[in-house]
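Scroll down for the structure; my scribbles are underneath it.
Throughout, a chain's letter reflects where its sequence line sits, starting with A, and its residues are numbered from 1.
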Amino acid sequence: MTYWLMKSEPSAWSWDQQVAKGMSGEAWVGVRNHTAKLNMMKMKKGDRAFFYHSNEGKEIVGIVEIIREHYPDPTDKTGKFVCVDIKADKPLKKPVTLIAVKAEKALADMDLLKQSRLSVGSVKPDEWKLICRMGGI
DNA sequence: GCCAACGTTGGC
DNA sequence: GCCAACGTTGGC
């Protein structure tokens, strides 16, 4: 099991919209960055990812599960990029803000902080556990 | 193949 | 609304 963090602007695609999709999930399309693409290609069915709201909120709000491994992004005309399908797993009882992540020394190495523009980053198991605890799970 | 110019993302 | 970081584009 590998852990990930996926960022979305709530105005484009929010956690609430993801939850509304239920078990059928939704394709995570529109990624046009090769580092993010490589991360998506490493994702396995059953992997978990944090769902992060950028710009508005700036907090980790929930956990999603990868339900379909990478395939060509239908919204990409060049055919270079891929997407995965995800479904909402559960919300954090208490969202973990960017401020809280920054305040935690054990999380200083996260892609979220080191590469603020990367929309799909990996999360180490220890980081995952800590954020879950901070989020009340 | 280098690098300047430009566009986009995202925190502040 | 500003600006830093960084990816992409295009001229040479």
Side-chain angles (χ1 to χ4, degrees):
Chain A
M1 164 95 71
T2 315
Y3 299 105
W4 308 96
L5 184 143
M6 305 171 90
K7 299 205 288 197
S8 181
E9 289 196 40
S11 59
W13 183 253
S14 70
W15 171 252
D16 287 344
Q17 285 174 288
Q18 186 67 52
V19 169
K21 286 283 172 180
M23 296 298 287
S24 60
E26 177 73 8
W28 190 267
V29 296
V31 171
R32 297 291 181 268
N33 171 288
H34 291 287
T35 307
K37 171 191 158 176
L38 288 174
N39 282 331
M40 288 202 291
M41 292 180 79
K42 288 185 210 157
M43 290 178 174
K44 298 289 179 198
K45 197 175 172 182
D47 280 355
R48 298 294 162 90
F50 287 127
F51 193 108
Y52 174 80
H53 276 171
S54 61
N55 268 314
E56 293 170 49
K58 281 168 281 186
E59 57 192 10
I60 298 166
V61 289
I63 294 171
V64 295
E65 181 182 338
I66 313 305
I67 56 172
R68 182 177 172 191
E69 291 175 20
H70 69 92
Y71 58 98
D73 183 339
T75 69
D76 172 32
K77 294 190 190 82
T78 69
K80 286 184 190 165
F81 292 97
V82 302
C83 60
V84 297
D85 285 1
I86 59 173
K87 75 172 176 67
D89 178 18
K90 57 190 164 191
L92 298 191
K93 283 180 189 161
K94 184 173 168 293
V96 176
T97 62
L98 186 63
I99 296 160
V101 172
K102 282 188 170 173
E104 184 56 62
K105 282 186 191 135
L107 301 176
D109 272 346
M110 287 189 70
D111 287 345
L112 178 66
L113 301 183
K114 294 182 114 180
Q115 271 183 274
S116 67
R117 289 185 56 193
L118 183 61
S119 58
V120 180
S122 63
V123 177
K124 297 190 194 80
D126 288 349
E127 295 165 346
W128 181 270
K129 280 182 211 157
L130 179 55
I131 292 171
C132 284
R133 212 181 316 137
M134 290 162 75
I137 295 179

Considering only heavy side-chain atoms of A:Gln115, the closest of C:dC6, B:dG11, C:dT8 is C:dC6

Does anything in residues 100-110 of chain A reach DNA chain C, meaning a heavy atom under 4.0 Å, and if so which residues? none

Whole angstrom value for the distance that separates C1' of C:dG7 from NE2 of A:His34: 9 Å

Under the 3.5 angstrom rule, does the side chain of A:His53 hit a backbone N or O of A:Val61 as a donor-acceptor pair? no

What is the distance from CD of A:Glu9 to P of B:dT9, rounded to the nearest Å? 8 Å

Between A:Trp13 and A:Phe51, is the ring centre distance below 6.0 Å? no

Looking at every non-hydrogen atom in both residues, tell me the closest pair between A:Gly25 and A:Ile67 and how far apart they are. CA-CD1, 4.0 Å

Using the side chain to side chain contact (heavy atoms under 4.5 Å, CB included) rule, take A:Glu9 and A:Glu56 through it: C-alpha gap first, then chi angles, then the decisive distance, then the call. CA-CA 7 Å; A:Glu9 289 196 40; A:Glu56 293 170 49; 5.6 Å; no

Gap between atoms CG and P, on A:Leu113 and B:dG11 respectively (whole Å): 10 Å

A:Arg32 CZ to C:dT9 P: how many Å, rounded? 12 Å

Sequence neighbours excluded and cut-off under 3.5 Å, please list the side-chain donor-acceptor pairs for residues 95-122 of chain A, or say none.
residue: A:Thr97; atom: OG1; partner: A:Ala100; partner atom: N; Å: 3.1
residue: A:Asp111; atom: OD2; partner: A:Ser122; partner atom: N; Å: 3.1

If a pair satisfies ring pair (Phe, Tyr, Trp, His ring centres under 6.0 Å) and one of its residues is in residues 105-137 of chain A, list it, with sequence neighbours excluded. A:Tyr3-A:Trp128, A:Phe50-A:Trp128

When rounded to whole Å, the CH2 to C1' distance for the pair A:Trp13 and B:dG10 reads 21 Å

The side-chain contact (heavy atoms from CB on, under 4.5 Å) partner of A:Leu5 among A:Asn39, A:Val123, A:Ile131 is A:Val123

A:His53 has an atom NE2; how far is it from atom P of B:dG11, in whole Å? 12 Å

Partner set under side chain to side chain donor-acceptor pair (under 3.5 Å) for A:Glu127, not counting sequence neighbours: A:Lys124

Whole-Å distance separating the CG atom of A:Asn33 from the C1' atom of C:dT9: 16 Å

Round to a whole Å and report the spacing from CD1 of A:Ile60 to P of B:dG11. 11 Å

Please enumerate all protein N or O atoms sitting under 3.5 Å from an N or O of nucleotides 3-5 of chain C, with distances to 0.1 Å.
residue: C:dA5; atom: N3; partner: A:Arg117; partner atom: NH1; Å: 3.3

B:dG11 phosphate, OP1 or OP2, under 4.0 Å from A:Tyr52 side-chain N/O: yes

Per-pair distances, 0.1 Å, donor-acceptor, side chain in residues 71-93 of chain A, under 3.5 Å, sequence neighbours excluded:
residue: A:Tyr71; atom: OH; partner: A:Asp85; partner atom: OD1; Å: 2.5
residue: A:Asp73; atom: OD1; partner: A:Thr75; partner atom: N; Å: 2.8
residue: A:Asp73; atom: OD1; partner: A:Thr75; partner atom: OG1; Å: 2.7
residue: A:Asp73; atom: OD2; partner: A:Gly30; partner atom: N; Å: 2.9
residue: A:Asp73; atom: OD2; partner: A:Arg32; partner atom: NH1; Å: 3.0
residue: A:Asp73; atom: OD2; partner: A:Thr75; partner atom: OG1; Å: 3.3
residue: A:Thr75; atom: OG1; partner: A:Arg32; partner atom: NH2; Å: 3.0
residue: A:Asp76; atom: OD1; partner: A:Thr78; partner atom: N; Å: 3.2
residue: A:Asp76; atom: OD1; partner: A:Thr78; partner atom: OG1; Å: 2.8
residue: A:Asp76; atom: OD2; partner: A:Thr78; partner atom: OG1; Å: 3.1
residue: A:Asp76; atom: OD2; partner: A:Gly79; partner atom: N; Å: 3.2
residue: A:Asp76; atom: OD2; partner: A:Lys80; partner atom: N; Å: 2.9
residue: A:Asp76; atom: OD2; partner: A:Phe81; partner atom: N; Å: 2.8
residue: A:Thr78; atom: OG1; partner: A:Lys80; partner atom: N; Å: 3.3
residue: A:Asp89; atom: OD2; partner: A:Arg48; partner atom: NH1; Å: 2.7
residue: A:Lys93; atom: NZ; partner: A:Gly136; partner atom: O; Å: 3.3

